[in-house]
Amino acid sequence: MSNSVLKRRMSPRTKKRLAFYIGMVSLPLIQYIFFVFVVNFNSIAMAFQEYELGDNGYVTKLTFDNFAWAVDLFFNSGYMIRTSFIAAGCNIFIVLGLAMFFSYYCAKKYWMSGLFRVVLYAPTLFSAVVFSILYKFLANDVYMEYTGATLGLFDQDINTQLVVLLFFNVWIAFGSNVMIFVSTMSSIDVSMVESAQLDGVTPFQEFIYIYVPTTYSTLLTFIIGQLAVVFTNQLCMFTFYQGIGNEGGVMLRPETFGYYFFRKMLLADYCGVEVTYSKLAALGVLFSVVLTSTILPLRKLLIKYGPKTE
Amino acid sequence: MSTTKKSKISIFKIIIATVLILYALSIAFVIGWGFLTSLKCTMDFSDKRNYFGLPNLTDWPTLTTKEVAKDALLFGNYAYIWKNFTYTVEANSYYSKSGVIEVGAYDTNIISLLFNSFIFAGVGCFLQALCQMTMGYMCAKYKFKMSSIIYTTIVVMMSLPIVGSQPAEIALLKDLGLYNSYLCMIIHKFCFGGIHFLLFYAFFSNMSNGYTEAAEIDGASQLRIYLHIIIPLSMKMVGTIFLLLFINAWNDYQTPLVYYPSFPTFAYGVFRMSTVTGGTVNTQGTPQRFAGCMILALPALVIFVCFKNILMGSLTTGGLKE
């Protein structure tokens with residue numbers, strides 16, 4: 001019975017399809033398993049390992065020092081945590097807020113909306129390097145020339161530098177998010193909007209009571225996305241500061257966890273350096289644990305208490 | 001009553017339009033200023049501090065300096081960068097399981113940087129778009145158990161905020177001897193997952209089985225169906241996703257810096273050009289650097305101008321549409 005079932009299931013056509021399927025998915029699947037599962041498993045494993053260079057390459061031993069280092073760094077880096085959350089706050093409240101208004105304008109096809117959509121997409125076309133080079137020159141040399149200041153904006157106190165950086169990041173942040181908001185808003189049922197208009201709603205009321213609730217799931221995805229990168233967002237600091245941090249520096253630089261993590265990663269090695277791959281792996285695991293334990297419940301709360309379309 | 005409403009409508013729209021106009025002007029100003037600066041000679045820009053004026057062609061003491069200024073206006077800085085931009089890629093040594101691997105320092109030029117960009121952004125993103133399409137097709141049209149496992153895994157992994165695994169990835173790539181190589185560049189890009197996979201999955205799920213079934217009845221093999229029916233049908237979507245991936249990868253300088261430091265792309269070259277004066281990077285001054293920036297921006301800009309309707313249109317209905 002079971003053989004006949006098997007035979008029926010594995011007809012020549014199915015066999016051919018299965019063979020082709022295996023042939024086509026094998027390589028991408030191996031790549032995915034390696035770069036997602038093996039790498040993440042290795043990240044957890046490395047967090048508990050310490051490397052030492054022996055005669056025949058390096059040897060590893062079990063340790064909890066990496067986590068001790070990561071926890072100590074995390075809870076003693078109030079400034080980096082604050083800066084990271086300020087950056088996330090800017091992205092959520094300013095960038096996404098403005099993006100919603102801009103998208104509404106474009107989706108409603110108001111005056112020059114086509115041109116504005118292109119302009120909003122422009123920063124995505126240009127590398128952040130290009131904009132940062134131009135912006136830094138304006139904020140430093142041109143600012144000094146026209147104001148008579150002795151220091152450029154990027155050489156002033158740490159708070160001014162942070163504001164200048166945040167402004168830059170907000171300035172270049174409209175691109176794909178506006179495009180996706182526009183696409184979501186364009187798919188809103190026209191009859192709903194028209195009946196609201198017949199009831200005499202103003203565009204602002206229309207935006208608040210129709211467009212925001214119906215695009216809330218997209219907005220929520222972006223909010224969660226911004227929170228998920230709170231510890232990896234560099235605020236383009238590497239582009240502006242080229243990996244210079246605050247260790248032994250004369251001038252204080254603003255720093256997010258993302259920037260700290262990235263520049264340490266470039267200098268890291270298995271052993272023999274101040275920050276090893278193992279320590280950074282432990283920090284990465286700590287980030288993931290903190291984010292998973294906060295974002296998933298937060299997402300549920302936002303879904304439960306967020307605006308409803310009914 | 002209606003007058004009040006109309007004035008409210010106007011105010012709301014006017015406020016957004018004003019902000020958008022200011023934003024558009026700021027973007028246009030910075031890009032225009034960068035382009036204008038790239039047409040000035042260094043003496044004009046840096047010595048005379050002609051930051052915002054048009055290129056100066058008259059007020060020069062000698063004929064030679066006047067010629068230099070004229071040359072700059074005729075894209076001389078672009079020609080200079082094209083011919084003279086050199087960059088010394090630092091030596092790199094690292095441990096792997098097979099021992100210490102040493103990569104010596106070497107001089108690179110713009111052609112070499114553009115070649116690396118072509119491999120990274122062109123070949124890599126083409127493979128990525130193809131891989132996404134293939135996996136989307138396989139999972140949508142081949143209803144094996146593995147397909148639903150793959151789909152569920154992708155969705156679950158997308159919802160988990162797992163970050164900071166790059167150090168372990170670098171260590172693993174070094175162990176396998178893949179770190180810092182063209183092979184790594186290709187393998188890295190030959191991936192699927194994320195929003196693009198889901199878009200292809202949705203696209204193929206909504207596609208009628210009529211084409212493939214008719215071809216099967218006519219005796220076409222699965223490979224033939226894939227090559228002669230599926231790829232042509234999804235070519236527009238593959239092309240759109242390729243263009244989006246290409247623009248991102250072309251502008252990305254951090255991924256090559258982290259994973260293939262001995263194979264810097266042009267974006268990384270421009271980053272170095274902006275940060276290092278003299279020494280390992282050979283550029284003259286700010287106008288030349290801005291010319292480098294404009295050269296970097298050119299391919300993405302050309303792609304956008306040529307495929308504006310496809311790119312903007314593709315993003316206006318349901319994220320991406322076919």
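A note on names: the letters A, B, ... follow the listed sequences, proteins ahead of strands, and every chain is numbered from 1. From a predicted model like this one, the values you see are computed outputs, not experimental measurements.
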Novice: Count the heavy-atom pairs under 4.5 Å between each of A:Trp171, A:Phe231, A:Phe101, A:Phe204 and chain B, then report the option with the highest count.
Specialist: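 Answer, by heavy-atom pair count under 4.5 Å with chain B: A:Trp171.
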Novice: Show me, pair by pair, the donor-acceptor contacts under 3.5 angstrom made by side chains of residues 34-47 of chain A, not counting sequence neighbours?
Specialist:
{"residue": "A:Asn40", "atom": "ND2", "partner": "A:Val36", "partner atom": "O", "Å": "2.6"}
{"residue": "A:Asn42", "atom": "ND2", "partner": "B:Ala168", "partner atom": "O", "Å": "3.2"}

Novice: Answer with yes or no whether the side chains of B:Lys141 and A:Tyr21 bring together a donor and an acceptor at under 3.5 Å.
Specialist: no
Novice: Looking at A:Ser127, A:Ser113, A:Gly284, which makes the most heavy-atom pairs under 4.5 Å with chain B?
Specialist: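 Of A:Ser127, A:Ser113, A:Gly284, A:Ser127 has the most heavy-atom pairs under 4.5 Å with chain B.
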Novice: In terms of heavy-atom pairs under 4.5 Å with chain B, which of A:Thr124, A:Ile133, A:Leu266 leads?
Specialist: A:Ile133
Novice: Can you tell me which portion of A:Leu291 sits under 4.5 Å from chain B's heavy atoms? Options are side chain, backbone, both or neither.
Specialist: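 Both backbone and side chain of A:Leu291 come within 4.5 Å of chain B.
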Novice: With a 4.5 angstrom heavy-atom cut-off, which part of A:Leu115 approaches chain B: side chain, backbone, both or neither?
Specialist: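 Looking at A:Leu115, nothing touches chain B.
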Novice: Name the option with the most non-hydrogen atom pairs under 4.5 Å to chain A; the candidates are B:Ile303, B:Ile15, B:Leu298, B:Ile154.
Specialist: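 The option with the most such pairs is B:Ile154.
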Novice: Do you know which of A:Phe174, A:Tyr146, A:Phe262, A:Phe287 has the most heavy-atom pairs with chain B at a distance under 4.5 angstrom?
Specialist: A:Phe262
Novice: With only heavy atoms counted, which part of A:Gln242 is less than 4.5 Å from chain B, the side chain, the backbone, both or neither?
Specialist: both
Novice: Just jot down the ring pair (Phe, Tyr, Trp, His ring centres under 6.0 Å) partners of A:Tyr143, sequence neighbours excluded, or say none.
Specialist: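 In terms of ring pair (Phe, Tyr, Trp, His ring centres under 6.0 Å), with neighbours along the sequence ignored, A:Tyr143 is linked to no residue.
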Novice: Name the member of A:Tyr135, A:Tyr104, A:Phe240 that forms the most heavy-atom pairs with chain B at distances under 4.5 Å.
Specialist: A:Tyr104
Novice: Are B:Phe271 and A:Phe238 close enough that their ring centers fall under 6.0 Å?
Specialist: yes
Novice: Does one side chain, of B:His188 or B:Gln128, offer a donor that lies under 3.5 Å from an acceptor on the other?
Specialist: no
Novice: Please determine whether the number of non-hydrogen atoms from other residues, nucleotides or ligands lying under 6.0 Å from atom CE of B:Met146 exceeds 12.
Specialist: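 Not more than 12 within 6.0 Å, no.
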Novice: Among A:Thr221, A:Leu125, A:Val119, A:Leu280, single out the residue with the greatest number of heavy-atom pairs under 4.5 Å to chain B.
Specialist: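 Most pairs with chain B among the choices: A:Leu125.
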Novice: Heavy-atom distance under 4.5 Å to chain B: side chain of A:Phe131, backbone, both or neither?
Specialist: side chain
Novice: Tell me yes or no: between the side chains of B:Glu169 and B:Tyr259, is some donor less than 3.5 Å from an acceptor?
Specialist: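 There is such a pair between these side chains.
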Novice: Do the side chains of B:Arg272 and B:Glu90 get close enough for a salt bridge, i.e. N-O under 4.0 angstrom?
Specialist: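 So B:Arg272 pairs with B:Glu90 through a salt bridge.
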